Amino acid sequence: MTLFSGEPASAPYLALVVIGFLPSEIWRALAVLIARRIDEESEVFLFVRSVATALLVGVVAKIVFAPNPELSVAPAWVRLGAIGAGAAAFFAARRSVFAMIVAGEATLILAVWLLGK
Amino acid sequence: MPAARGAFFAGVRLALSGPAFYVALSLMGVGSLARAAGFPVGAAALSTILLWAGPAQLLFFGAAAAKTAPPAIALAVSLSSVRLLPMCLSVLPMLREKKTRLPTMFAAAHFVAVTVWAESLRRLPDMERPARKPFFFGLALTCMGLTAFSTALGFWLMGSLPKPLGAGLMMLSPIYFLATTARAARSGADWLAILFGALLAPLTMAYVGGGFDLLVLALVGGGAAWFAGFKARRAA
């Protein structure tokens, strides 16, 4: 079931460096090399920002909609409910990250516990 | 250089007064994600040291668990890290001195991520220039060290916790990153990108094959959100 069954032990580390570390570090390295300031309001940056934002939401959605065994003990409506409760707390507490985490986690953990899973 | 040592430990103290614990807690879930994706604990902790960017780590392990194609993972991770460029550009000039060597700047750039960046922007301007670098590295190393440890802790806790808490641990990073993404939203286009991402997810998961669903989602949803913002800016 694991991604690397039958691979050498170094495979996950190689994957981490090649498709994780390098693609992300390139932007930091570029920043060192670029002398002048980049305009954060240019259309290219705004486009990339939107794409990256949608991407992150997509990953969250994949984890919530297609959960692994540990998370799947919470039924779909509980997972979505936890996100909803978190979002409500987020806005109620004037866009507080902390409030969203506490409310979302409390909802999920409590619901799973009450369902006796 | 006792002055430099003092500045270094001032950075350590600031980290331990809150920021280090905050980022450490938020990346505990990445450890459990790594385990779920079939990675060893060393790779989980190393991802914190090498990537040092929660969203990129979440993407990496989340996409790997979903059997996404490696080139798509690399592209997705890279896209999620573009924001590091302007972030680095806003911090590095504050650290640079006349005799600062290039490797030192690369090292400093590697530590720039949301927590260290925010604290640097807040504290560095008021500091004497020679104190800034040691302060920065004290802050950054403490945050990263504690977080690498907590990532490993998240990995080990996964599976040994009661089921409700195990599910909670798995849910920690998605909730945290959704919250920070929403927190960082500045414009209508940002909110549209969040909305489109959420709406498109079930569709791309069902209809886009080959492990490229995330990329299609990001380009279509994010592109549409950007275009809406572009039109609005033009009309204004």
Side-chain angles (χ1 to χ4, degrees), chain A residues 1-4 12-13 15-17 19-21 23-32 34 37-38 40 43 45-68 70-71 73-74 82-83 86 90 95 97 100-101 104-105 108-109 112-113 117, chain B residues 36 38-40 43 46-47 50-51 53 55-56 58-60 62 64 66 70 73-74 76-82 84-86 88-89 105-106 109-110 163-164 166-168 170-171 174-181 183 189-190 193-194 196-198 201-202 214 217-219 221-222 225-226:
Chain A
M1 146 94 204
T2 62
L3 193 64
F4 303 106
Y13 294 93
L16 181 63
V17 170
I19 59 179
F21 170 66
S24 131
E25 194 72 358
I26 186 172
W27 301 110
R28 292 184 172 114
L30 225 81
V32 176
I34 293 176
R37 256 187 105 83
I38 290 279
E40 281 189 62
E43 292 298 335
F45 260 79
L46 291 175
F47 173 76
V48 171
R49 183 188 167 90
S50 283
V51 170
T53 300
L55 188 64
L56 206 64
V57 174
V59 178
V60 168
K62 283 196 92 153
I63 292 172
V64 174
F65 288 133
N68 57 30
E70 285 78 13
L71 188 55
V73 298
I83 296 276
F90 174 82
R95 296 172 77 181
V97 173
M100 175 154 182
I101 293 174
E105 285 288 312
L108 185 92
I109 293 170
V112 174
W113 180 63
K117 297 278 182 148
Chain B
F39 282 77
L46 198 63
S47 77
L50 286 182
L51 269 69
L58 177 78
L59 266 169
F60 180 80
I73 298 180
V77 167
S78 198
L79 279 172
S80 81
S81 296
V82 176
L84 294 173
L85 176 61
C88 285
L89 281 173
M105 295 311 282
F106 278 114
H110 179 69
K163 277 183 175 174
M170 272 319 301
M171 199 68 172
I175 290 185
Y176 173 69
F177 288 116
L178 198 58
T180 46
T181 304
R183 188 76 189 79
D190 289 337
I194 293 173
F196 290 166
L214 272 179
L217 176 150
L219 288 173
W226 165 80

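Note that the structure is predicted; figures quoted are calculated from it, not measured. All chains are named by letter (A, B, ...) in the order of the sequence lines, taking the proteins before the strands, and each is independently numbered beginning at 1.
Taking the side chain as every heavy atom from C-beta outward, B:Leu85 and A:Ile34 approach each other to under 4.5 Å. Inter-residue side-chain proximity for B:Trp226 and A:Val51 is flagged as unmet; no heavy-atom pair is nearer than 4.5 Å. Between A:Trp113 and B:Lys163 the shortest side-chain heavy-atom distance does not fall below 4.5 Å. Taking 4.5 Å as the limit, every side-chain heavy atom of A:Phe21 sits out of range of all side-chain heavy atoms of B:Ser47. The side-chain heavy atoms of A:Ile63 and B:Leu58, taken from C-beta on, include a pair separated by under 4.5 Å.
Taking both residues in full, the closest heavy atoms of A:Leu55 and B:Ala218 are given as CD1-CB, 3.5 Å, listed atom of the first, atom of the second, then distance. Of all heavy-atom pairs spanning B:Val77 and A:Ser24, the tightest one is CG1-CB, 3.8 Å. Heavy-atom minimum distance, B:Cys88 versus A:Arg28: SG-CG, 3.8 Å. Closest approach of B:Arg183 and A:Phe90 over heavy atoms only: N-CZ, 3.7 Å. For the pair A:Phe65 and B:Pro202, the tightest heavy-atom approach, listed with the atom from each and the gap, is CE1-CG, 3.9 Å. When every heavy atom of A:Gly20 is checked against every heavy atom of B:Leu51, the shortest pair comes out as C-CD1, 3.6 Å.
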Practice task
May I have the step-by-step check of side chain to side chain contact (heavy atoms under 4.5 Å, CB included) for B:Leu50 and A:Val17, ending in yes or no?
Solution key: CA-CA 8 Å; B:Leu50 286 182; A:Val17 170; 3.9 Å; yes
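Contact tally against chain A (heavy-atom pairs below 4.5 Å) for B:Pro174, B:Ala76, B:Ala53: the top residue is B:Pro174. The greatest number of non-hydrogen atom pairs below 4.5 Å with chain A, out of B:Ala201, B:Ala109, B:Pro55, is found for B:Ala109. Taking A:Val64, A:Ile26, A:Val97, A:Ile83 one by one and counting their heavy-atom pairs under 4.5 Å with chain B, the maximum is reached by A:Val97. Among A:Gly58, A:Pro67, A:Ala82, A:Gly86, the residue with the largest count of heavy-atom pairs under 4.5 Å with chain B is A:Gly58.
Applying the side-chain hydrogen bond (donor to acceptor under 3.5 Å, both in side chains) rule to A:Glu105 yields no partners; only residues at least two apart in sequence or on another chain are considered. Residues passing the side-chain contact (heavy atoms from CB on, under 4.5 Å) test with B:Ala198, sequence neighbours excluded: A:Val57.
Separating the CD1 atom in A:Ile101 from the CG atom in B:Leu178 is a distance of 10.5 Å, to the nearest 0.5 Å.
Both the backbone and the side chain of A:Glu70 come within less than 4.5 Å of a heavy atom in chain B. For a residue to count as touching a neighbouring chain, one of its non-hydrogen atoms must lie under 4.5 Å from one of that chain's; by this rule A:Leu108 touches chain B with the side chain only. For chain A, no part of B:Phe196 is nearby; none of its heavy atoms comes within less than 4.5 Å. For A:Ile109, the parts lying under 4.5 angstrom from a heavy atom of chain B are both the backbone and the side chain. Within the 4.5 angstrom heavy-atom criterion, only side-chain atoms of A:Leu56, from C-beta onward, approach chain B.
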